[in-house]
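The structure appears below as C-alpha cells.
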Amino acid sequence: EPLLEMLVRKGVKKEPAEQQKLQYLLGEVTMRLDKDDKALKAYQASYNIDATHLPTLKGIAALHYKKADWEKAFKFYQLILVHHREAQTDAEIVDIFYRLGIIKREQNERRKALNMFDKALEIDAHHRVTLEAVIDLHTKQSEWEQVIHFKKQLMEVADADEKLKLLSEVGDIWQEKLTNSQKAIASFREALDVKKDHRDVLRITTSGSTGRPFVCYADREQLEFRWAATMRAQEWTGYAFGDPCVRLWHQTLGMSKSQA
C-alpha cells in the first residue's frame with residue numbers, strides 16, 4: 001500500500017492510462033485491507049479517468065453495496081450489466097441480479113426486488129441465496145403457496161438433512177397455514193422416505209388384521225408423552241417398571257384355554 005501511494009503521487013505527470021492503472025491497483029489493495037474509504041477514493045479516481053474499466057466498476061459497486069449506499073450500488077451494477085454483460089460469466093451475472101434484488105428489497109421496493117431475483121433464477125434456478133431471499137419475501141407476505149414452491153426448488157439441491165428439514169417445514173405450512181391435511185401428510189410421508197429415523201415425524205400404523213391398516217403421523221415428543229402417561233397410569237395400579245407381565249392381544253381375548 002505505501003509503495004502504491006508513492007507511485008500514485010509520482011504518477012500525476014504520467015499518461016492517463018498509467019495513472020488509471022495505479023489508481024485501480026491502489027483501490028484493489030486498500031479494499032482487500034478493508035480500508036473502504038481509501039479504496040473508494042482510489043477507485044473513483046480510476047473511474048474518472050476511464051469510466052468503462054470493468055474491474056473499477058466492479059470495485060466501486062461492491063464498496064457501495066458493502067456500505068449500504070443502495071442508490072450508488074444500483075447505478076454501478078446496472079452500468080456493468082448494460083456495458084459489460086457479454087464479458088461476465090453466468091455466475092457473475094446471477095450474483096449481480098441477486099445484489100440488485102437485495103438493493104431493491106432494502107429500498108422497500110418488493111416487486112422490483114422479486115423481479116431481479118427472478119432474473120437471477122432464470123439463469124441459475126438453484127442459486128441458494130436468491131432462493132432464500134425469495135422465500136423470505138413471500139413468507140413476510142404470507143404467500144404460502146409461493147413459499148412452498150421455492151422451498152421445493154431449494155430441495156432439489158439440498159442434502160438429506162436439509163431436505164428433511166424443508167419437507168417438515170412444508171408439511172407444517174400445509175397443515176397450519178393452508179389447512180390442507182392431505183398435502184401435509186404427503187410432505188411428512190416424503191420426509192420419512194428421505195430418512196427413516198427422522199426425529200420429528202414418525203409413521204404409525206395399525207396391524208391391519210381387520211382390513212386396510214390405518215396410518216397416521218405423530219411427532220416423537222407426542223409419542224414420548226403418551227408412553228410416559230401410560231407408565232404413570234400403570235404405576236398407579238401397582239405395576240413397577242420391569243415387573244413381569246403378560247400381554248393378551250387380538251382374538252385370544254375372551255377365549256377359553258381350549259380355544260386358545
Side-chain angles (χ1 to χ4, degrees), residues 1-137 150 154 157:
E1 179 192 355
L3 177 61
L4 277 171
E5 288 179 329
M6 181 188 71
L7 291 173
V8 166
R9 287 195 300 270
K10 290 185 176 182
V12 291
K13 295 182 180 180
K14 293 182 179 292
E15 291 295 318
E18 186 65 22
Q19 293 181 43
Q20 182 272 325
K21 181 179 178 180
L22 289 171
Q23 291 286 5
Y24 163 71
L25 289 174
L26 180 59
E28 186 77 2
V29 169
T30 49
M31 184 170 74
R32 291 176 182 271
L33 294 172
D34 290 326
K35 298 182 177 181
D36 294 345
D37 291 336
K38 184 177 287 189
L40 190 56
K41 182 179 179 181
Y43 277 137
Q44 189 63 49
S46 172
Y47 174 75
N48 291 340
I49 298 170
D50 182 0
T52 65
H53 187 241
L54 177 57
T56 296
L57 292 174
K58 287 184 174 181
I60 294 175
L63 281 171
H64 284 311
Y65 184 88
K66 182 179 178 181
K67 293 165 73 70
D69 188 340
W70 303 125
E71 186 174 346
K72 290 181 180 178
F74 188 86
K75 170 189 171 182
F76 282 96
Y77 281 127
Q78 283 284 68
L79 284 173
I80 293 170
L81 286 178
V82 170
H83 298 292
H84 299 281
R85 180 160 184 161
E86 296 302 319
Q88 304 297 295
T89 65
D90 283 350
E92 288 172 326
I93 295 173
V94 168
D95 183 65
I96 290 174
F97 277 126
Y98 163 73
R99 288 171 179 253
L100 289 173
I102 294 295
I103 290 168
K104 288 304 172 185
R105 184 193 70 185
E106 294 302 308
Q107 291 178 324
N108 295 317
E109 296 185 61
R110 180 177 174 276
R111 288 187 178 277
K112 290 183 179 180
L114 286 172
N115 180 255
M116 293 300 173
F117 291 143
D118 284 344
K119 289 181 178 180
L121 294 174
E122 285 174 5
I123 302 170
D124 181 359
H126 300 122
H127 191 243
R128 174 173 293 275
V129 290
T130 299
L131 286 171
E132 289 171 347
V134 171
I135 289 168
D136 180 65
L137 280 176
F150 287 104
L154 190 55
V157 289

With sequence neighbours excluded, what pairs up with Asn115 under the side chain to side chain contact (heavy atoms under 4.5 Å, CB included) test? Lys119
Residue among Asp69, Leu63, Thr30 satisfying side-chain contact (heavy atoms from CB on, under 4.5 Å) with Leu40: Leu63
From Glu18 atom CD to Gln23 atom CD, the distance as rounded to the nearest 0.5 Å: 11.5 Å
Can you run down the side-chain hydrogen bond (donor to acceptor under 3.5 Å, both in side chains) pairs that involve residues 124-135, sequence neighbours left out, and say none if there aren't any? His126-Glu156, His127-Thr130, Arg128-Glu162
Side chains of residues 89-105: which donor-acceptor pairs under 3.5 Å do they make with residues two or more places apart or in other chains?
unit_1 : atom_1 : unit_2 : atom_2 : d
Thr89  : OG1    : Glu92  : N      : 3.1
Thr89  : OG1    : Glu92  : OE1    : 3.4
Glu92  : OE1    : Thr89  : N      : 2.9
Glu92  : OE2    : Lys58  : NZ     : 3.2
Asp95  : OD2    : Arg99  : NE     : 2.9
Arg99  : NH1    : Tyr77  : OH     : 3.0
Lys104 : NZ     : Gln107 : OE1    : 3.1
Lys104 : NZ     : Glu109 : OE2    : 3.4

Could you pull out the closest heavy-atom pair between Ala61 and Ala73, with the gap in Å? O-CB, 4.1 Å
Lys41 meets the salt bridge (charged side-chain N to carboxylate O under 4.0 Å, His left out) criterion, sequence neighbours left out, with none
Lys67/Asp36 ion pair, N-O < 4.0 Å: no
What's the spacing between Phe74 CZ and Tyr65 OH if we round to 0.5 Å? 13.0 Å
I need the Phe150 CZ to Leu154 CG distance, nearest 0.5 Å. 11.0 Å
Sub-4.5 Å side-chain heavy-atom contact between Lys75 and Ile60: no
Say you draw a straight line from CZ of Arg111 to CG of Leu114; how long is it, rounded to the nearest 0.5 Å? 8.5 Å
Name every donor-acceptor pair, under 3.5 Å, that has one atom in a side chain of residues 42-57 and the other anywhere in the protein, sequence neighbours excluded.
unit_1 : atom_1 : unit_2 : atom_2 : d
Tyr43  : OH     : Glu28  : N      : 3.4
Tyr43  : OH     : Glu28  : OE1    : 2.7
Gln44  : NE2    : Asn48  : OD1    : 3.3
Ser46  : OG     : Gln20  : NE2    : 2.9
Ser46  : OG     : Thr56  : OG1    : 2.8
Asn48  : ND2    : Gln44  : O      : 3.2
Asp50  : OD1    : Thr52  : N      : 3.0
Asp50  : OD1    : Thr52  : OG1    : 2.7
His53  : ND1    : Gln20  : NE2    : 3.0
His53  : ND1    : Thr56  : N      : 3.4
His53  : ND1    : Thr56  : OG1    : 2.6

I'd like to check the salt bridge (charged side-chain N to carboxylate O under 4.0 Å, His left out) partners of Asp118; sequence neighbours left out, ordered by chain and number. none
